[in-house]
Number of protein chains: 2
Amino acid sequence: MKATINDVAKLSGVSIKTVSRVMNNEPSVRQLTREKVQAAVKELNYQPNLAARNLAGTKSYTIAYVYDNPNAYYVIDMQVGILEACRQQGFELLINPCDSQQENITEDIINTIKQARVAGLVLTPPFSENPAFVQRIIELDIKVVRIMSGDSAPDELSPCVMVNDRDAAQTITQHLIDLGHKKIAFIAGEAEHMSTIERYKGYRRALKHNNIEFNKNLLIEGEYSFDSGVQGAKQLMSTNNLEENRPSAIFSCNDEIAAGALFASRLMDINIPEQLSIAGFENSPFSRQTWPKLTTANQPNIEIAKNAASILIGQIRKKQNCNNTSQYVPQLVIRDSTGKYS
Amino acid sequence: MKATINDVAKLSGVSIKTVSRVMNNEPSVRQLTREKVQAAVKELNYQPNLAARNLAGTKSYTIAYVYDNPNAYYVIDMQVGILEACRQQGFELLINPCDSQQENITEDIINTIKQARVAGLVLTPPFSENPAFVQRIIELDIKVVRIMSGDSAPDELSPCVMVNDRDAAQTITQHLIDLGHKKIAFIAGEAEHMSTIERYKGYRRALKHNNIEFNKNLLIEGEYSFDSGVQGAKQLMSTNNLEENRPSAIFSCNDEIAAGALFASRLMDINIPEQLSIAGFENSPFSRQTWPKLTTANQPNIEIAKNAASILIGQIRKKQNCNNTSQYVPQLVIRDSTGKYS
DNA sequence: CAACAAATTGACAGCGCTGTCAATTTGTTG
DNA sequence: CAACAAATTGACAGCGCTGTCAATTTGTTG
């Protein structure tokens with residue numbers, strides 16, 4: 001009932017090896033032969049058996065998504081994008097949620113990917129930002145593609161899909177400046193995250209471009225959490241805080257922090273955006289569900305993931321070389337949490 | 001480097017077939033032999049090659065999670081639980097996000113699972129609530145386990161993991177009644193969802209137990225969305241609405257609706273919980289990030305999913321029979337969005 | 001202890017592919 | 001068109017398991 005490579009071979013009058021060649025896009029097949037085989041493949045709706053492929057070949061047709069991220073929407077989007085690429089290219093996806101803080105996590109992951117004969121890894125932060133980890137994986141001849149924050153790849157270890165948080169953060173800050181704000185606070189995420197650093201750089205660059213002096217009292221070193229947003233906003237807006245250090249706008253490093261800042265503002269009876277503008281970053285689904293709805297920056301995560309997985313699969317198939325790096329710039333989404341300075 | 005079944009056979013002095021028997025927990029192996037093999041397996045850290053298993057056997061060692069759910073946190077939890085069970089039992093997981101409304105979706109799914117030789121399916125709503133779909137899958141001799149709302153399986157088609165939303169909804173409503181509320185509104189999700197029906201039944205049962213007459217003007221037929229919560233609360237709390245039809249508490253069918261109701265209350269300058277209590281359902285992560293934080297009901301989704309997958313794998317291994325149904329009751333989580341009637 | 005049934009074990013084929021290497025075909029040169 | 005190189009194709013083994021069925025071992029009976 002399900003067509004095998006034998007059926008295709010018979011129908012197209014070639015050997016199974018040639019069918020195999022066509023299925024794997026190998027170069028040394030005549031165009032005419034290729035077309036005959038492809039016609040048979042279409043007619044029989046043939047799809048190669050992944051188990052057999054994995055067993056027979058030295059190559060593997062499995063890639064893995066190794067992640068440690070509390071943001072379910074991000075993870076799902078990544079997954080959906082990676083799955084799309086896998087389906088198109090006849091690859092399998094192994095999902096590996098894990099705890100990057102766990103002892104021996106590197107060896108654990110290596111064990112898992114060896115076990116499953118994984119050919120490549122899609123990495124997102126924090127794994128993608130750990131060069132030692134990436135190095136270790138690549139030494140095992142496992143391909144890697146990294147999704148990370150920045151405008152260009154930090155090294156030549158692997159192809160990267162860069163998300164230009166810096167430019168996006170600059171745009172957001174500029175949006176606040178355009179609204180008339182001058183005292184703009186920044187609540188940072190974990191300092192060791194590239195995204196924090198990049199977003200901060202964008203913030204600083206926007207200030208500089210507009211000749212606004214940076215006030216270090218407006219910088220809160222927080223973390224990517226709701227609570228951190230609450231604490232940060234409380235500290236900034238407290239009446240104990242000097243008037244000059246109380247901002248008229250807060251750029252939060254992500255939407256969760258922004259939601260926290262919103263929450264704190266409620267507690268302090270500060271009206272948003274009349275008395276204070278708050279911007280987030282990420283365009284997570286709940287950024288539409290806060291009150292007021294958050295101004296933020298949107299990243300096309302599914303597309304980013306799909307692109308990353310395609311690059312990875314290309315690597316594995318050796319059709320593409322290593323310096324295949326692409327860049328995405330998150331786009332400003334203006335909603336109700338930011339308004340004119342008054 | 002990686003141990004194969006041959007290595008284990010040699011080390012333990014038996015044939016590979018016997019090792020295979022031990023690995024698959026087949027009965028007709030002497031205890032002594034079994035132990036010898038298990039010792040060798042442990043020493044060599046042997047794990048069967050999934051590709052070879054899938055290729056050689058008529059059985060498959062792959063299960064799939066077919067879902068269509070906009071709630072990423074739910075999906076991720078399901079996935080993590082299912083993955084845990086798979087890892088423990090040496091199964092592979094195929095993830096299949098899809099659109100249940102799409103034409104020919106049933107055939108599409110069947111195609112995919114045939115293609116991947118999937119042995120069983122974990123189904124969550126809406127798929128688990130579609131008997132025709134379940135029937136169709138089972139006819140293909142593919143095992144199914146359904147996760148669904150209710151206190152007992154609706155039929156004998158497959159084992160079910162039941163989530164007793166009815167009891168949980170009754171508990172939430174009772175909580176509101178205990179706070180002194182009598183005019184308790186109910187904003188429903190999609191009427192065709194079992195969860196809506198069950199939660200509604202729990203609500204009604206609590207009213208009845210407390211001799212509170214049901215007022216149909218307090219019932220809003222909504223859907224599981226933030227906007228529906230906004231609309232529902234506006235309609236209920238509007239000053240155009242008769243005083244007697246304005247509730248002092250709203251039980252929202254899920255947290256998203258509750259978040260919407262919270263949002264609408266802000267717009268109408270209604271203080272929560274002083275002037276209005278609002279309860280949600282699901283304990284989604286953002287229920288801790290609303291203002292005020294939502295009172296809700298928590299379901300142990302990871303555990304539910306793991307249990308479901310274990311039952312499914314048991315089915316496939318034929319170790320368990322079909323009537324293996326278990327039940328979970330979501331627990332009340334009291335936070336700040338509900339308060340004493342005043 | 002013979003005779004048999006039941007329990008346990010193993011030999012061998014084969015799942016559907018890919019890798020290797022040899023055979024064949026095609027194209028190019030003088 | 002011979003002679004050769006390059007491109008294209010195919011034969012066959014083998015990946016690591018499981019299924020089938022036969023062989024062997026164990027246990028039971030009179």
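So you know, we letter chains A, B, ... as the sequences are listed, proteins then strands, and number each from 1. Hydrogens, waters and symmetry mates are skipped; everything else that's a heavy atom, side chains included, is used.
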Complementary nucleotide for [N] - Watson-Crick or wobble, under 3.5 Å:
{"N": "C:dT24", "result": "D:dA7"}
{"N": "C:dC1", "result": "D:dG30"}
{"N": "C:dA13", "result": "D:dT18"}

*Nearest 0.5 Å, what's the OH-CD1 distance between B:Tyr65 and B:Ile147?*
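Separation between the atoms: 7.0 Å.
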*Ionic contact status for B:Glu107 with B:Arg136, cut-off 4.0 Å*: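 Looking at B:Arg136 and B:Glu107, the cut-off is met.
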Nearest whole angstrom, please: distance from the [atom2] of [N] to the [atom1] of [X].
{"X": "A:Leu50", "N": "C:dT18", "atom1": "CG", "atom2": "P", "result": "10 Å"}
{"X": "A:Lys10", "N": "D:dG10", "atom1": "NZ", "atom2": "C1'", "result": "16 Å"}
{"X": "A:Ile5", "N": "C:dC15", "atom1": "CD1", "atom2": "P", "result": "14 Å"}
{"X": "B:Lys59", "N": "C:dC15", "atom1": "NZ", "atom2": "P", "result": "17 Å"}
{"X": "A:Glu26", "N": "D:dG10", "atom1": "CD", "atom2": "C1'", "result": "13 Å"}
{"X": "B:Asn6", "N": "D:dC15", "atom1": "CG", "atom2": "P", "result": "9 Å"}
{"X": "A:Leu32", "N": "D:dA7", "atom1": "CG", "atom2": "C1'", "result": "15 Å"}
{"X": "A:Met23", "N": "C:dT18", "atom1": "CE", "atom2": "C1'", "result": "13 Å"}

Can you tell me if [X] touches the phosphate of [N], counting only side-chain N or O atoms and a distance under 4.0 Å to OP1 or OP2?
{"X": "B:Ser20", "N": "D:dT18", "result": "yes"}
{"X": "B:Thr18", "N": "C:dT9", "result": "no"}
{"X": "A:Tyr46", "N": "C:dC17", "result": "yes"}
{"X": "B:Lys2", "N": "D:dG16", "result": "no"}
{"X": "B:Lys17", "N": "D:dT20", "result": "no"}
{"X": "B:Arg30", "N": "C:dT9", "result": "yes"}
{"X": "B:Thr33", "N": "C:dT8", "result": "no"}

*Can you label the angle between the B:Tyr73 ring and the A:Tyr73 ring as parallel, tilted or perpendicular, going by 30° and 60°?*
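Aromatic pair B:Tyr73/A:Tyr73 classed perpendicular.
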*For salt bridge (Lys or Arg N to Asp or Glu O under 4.0 Å), just list the numbers for A:Arg34 and A:Glu26, CA-CA rounded to whole Å, side-chain angles, deciding distance to a tenth of an Å, and then say yes or no.*
CA-CA 10 Å; A:Arg34 190 179 298 275; A:Glu26 287 175 32; over 6 Å; no
*Go through the steps to decide whether A:Arg117 and A:Thr62 satisfy the test side-chain contact (heavy atoms from CB on, under 4.5 Å), and finish with yes or no.*
CA-CA 7 Å; A:Arg117 292 183 73 240; A:Thr62 302; over 6 Å; no
*Would you kindly compare A:Pro48 and B:Arg34 by the position of their nearest DNA chain C nucleotide and give the one closer to the 5′ end?*
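Mapping each residue to its closest nucleotide by heavy atoms, the 5'-most match is B:Arg34.
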_Pairwise 5' ranking along DNA chain C for A:Val19 and B:Gly57, keeping only the more 5' one_ =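 Here B:Gly57 is the residue nearer the 5' end.
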*Look at all strands and tell whether A:Ser28 reaches a base, only sugar-phosphate, or nothing, counting heavy atoms closer than 4.0 Å.*
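Result for A:Ser28 = base.
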*Under 4.0 Å between any heavy atoms, over every strand shown, what does A:Asn24 touch: base, sugar-phosphate, or nothing? Just pick one.*
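Since only primed, P, OP1 and OP2 atoms lie under 4.0 Å of A:Asn24, the category is sugar-phosphate.
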_A:Glu103 atom CD, neighbour heavy-atom count above 12 within 6.0 Å_ =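 Atom CD in A:Glu103 is not packed in, count stays at 12 or less.
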*asked:* Quick check for you: among D:dC17, C:dG16, C:dT9, whose closest atom lies nearest to any side-chain atom of A:Leu55?
replied: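 In terms of side-chain proximity for A:Leu55, the closest of D:dC17, C:dG16, C:dT9 is C:dG16.
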*Closest-nucleotide 5' rank along DNA chain D - winner of A:Arg21 and B:Ile16*: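 It is A:Arg21 whose nearest nucleotide is closer to the 5' end.
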